[in-house]
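Below is one structure, written out as structure tokens, with a few remarks after it.
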Amino acid sequence: MSNSDSFIDEVAEEVRRDKLYGYLRRYGWIAVLCVLVLVGGAAWNEYRNAQQSAAAQATGDALLNALQEDDTAARAQAIAAIESEGAAAAVTALLTAATQEEAGDISAAAATLDALAVNSDIPEIYRDLAAFKSAMLPNDDAAARLLALEALAQPGQPFSLLALEQLAYASLAAGDTATAVDTLRRIAEDAAVTRGLRERVQTLLVALGEPLPEPVTQ
């Protein structure tokens with residue numbers, strides 16, 4: 001390589017280096033900002049996760065302490081007083097309702113479950129469960145209870161088969177054996193029926209002297 005070629009290469013390299021330094025001086029702050037954003041975001045996520053973990057642990061500890069109350073009324077009050085959010089709030093409300101029912105305060109249990117069922121801040125599965133458990137509570141208004149169960153028994157509802165089971169029991173209690181048997185067969189022949197529910201339905205059909213439906217192919 002001639003001296004002139006070497007000199008040209010050195011000049012070109014120097015020009016490229018100068019351009020690079022120029023870009024760094026002009027746009028280097030963007031790279032620094034990106035690094036700060038990434039580091040700050042990671043730190044915020046760690047802080048938020050730590051806060052959520054601490055809140056969940058505090059809720060769990062409060063529930064354990066409340067459940068140690070021997071008196072059911074005091075236990076229900078202690079659970080209801082626990083502050084929580086999201087799924088934890090749903091579990092707290094369900095435990096509150098169960099304790100209120102155990103204490104014999106059915107109206108309070110129904111109010112707790114009905115409030116949970118319409119709370120849009122709670123995951124839908126918990127709202128559906130609250131609606132089902134509310135319909136399961138003892139109720140002097142049999143017509144209202146049947147209407148609630150029929151709504152829950154509609155296709156696509158997560159607890160439809162369990163609601164149908166309750167409707168079958170209601171039909172038996174009313175002396176309508178034919179409707180009860182039809183409902184029980186619908187449950188047994190549903191592809192989504194669980195093993196435990198299928199066994200309960202089959203046992204009841206046998207007790208009623210009815211032939212069992214064909215096994216469901218999963």
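Y169 has its side chain within reach of L204: a pair of non-hydrogen atoms, C-beta onward, lies under 4.5 Å apart. Residues F159 and L149 have side chains not in contact (no heavy-atom distance under 4.5 Å, counting atoms from C-beta outward). Within the 4.5 Å cutoff, the side chain of V193 has no heavy atoms near those of the V201 side chain. Counting only heavy atoms from C-beta outward, the side chains of R127 and L116 never approach each other to under 4.5 Å. Put simply, the side chain of P138 reaches to within 4.5 Å of the side chain of E101, judged on heavy atoms. Counting heavy atoms from C-beta outward, E210 and R185 have side chains that approach closer than 4.5 Å.
The distance from the CZ atom of R198 to the CD1 atom of I187 is 12.5 Å, given to the nearest 0.5 Å. How far CD of Q157 is from CD of E150: 13.0 Å, rounded to the nearest 0.5 Å. Rounding to the nearest 0.5 angstrom, the gap separating the CG atom in L162 from the OG atom in S160 is 8.0 Å. Distance check: L113 CG to L137 CG gives 5.5 Å after rounding to the nearest 0.5 Å. Rounded to the nearest 0.5 angstrom, Q100 CD and L95 CG are separated by 11.0 Å. The CG atom of L164 sits 8.5 Å away from atom CG of D190, with the distance rounded to the nearest 0.5 Å.
For D105 and S107, the side-chain atoms include at least one donor-acceptor pair closer than 3.5 Å.
Among all heavy-atom pairs drawn from A168 and A180, the shortest one is O-CB, 3.5 Å. Here the closest heavy-atom approach between residue A117 and residue A131 is recorded as CB-N, 4.0 Å.
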Quiz item: Given L152 and F132, is the side chain to side chain contact (heavy atoms under 4.5 Å, CB included) satisfied, shown in steps?
Solution: CA-CA 7 Å; L152 293 167; F132 175 71; 4.1 Å; yes
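Legend: salt bridge (Lys or Arg N to Asp or Glu O under 4.0 Å) pairs involving residues 165-182, not counting sequence neighbours, sorted by first then second residue: E165-R200.
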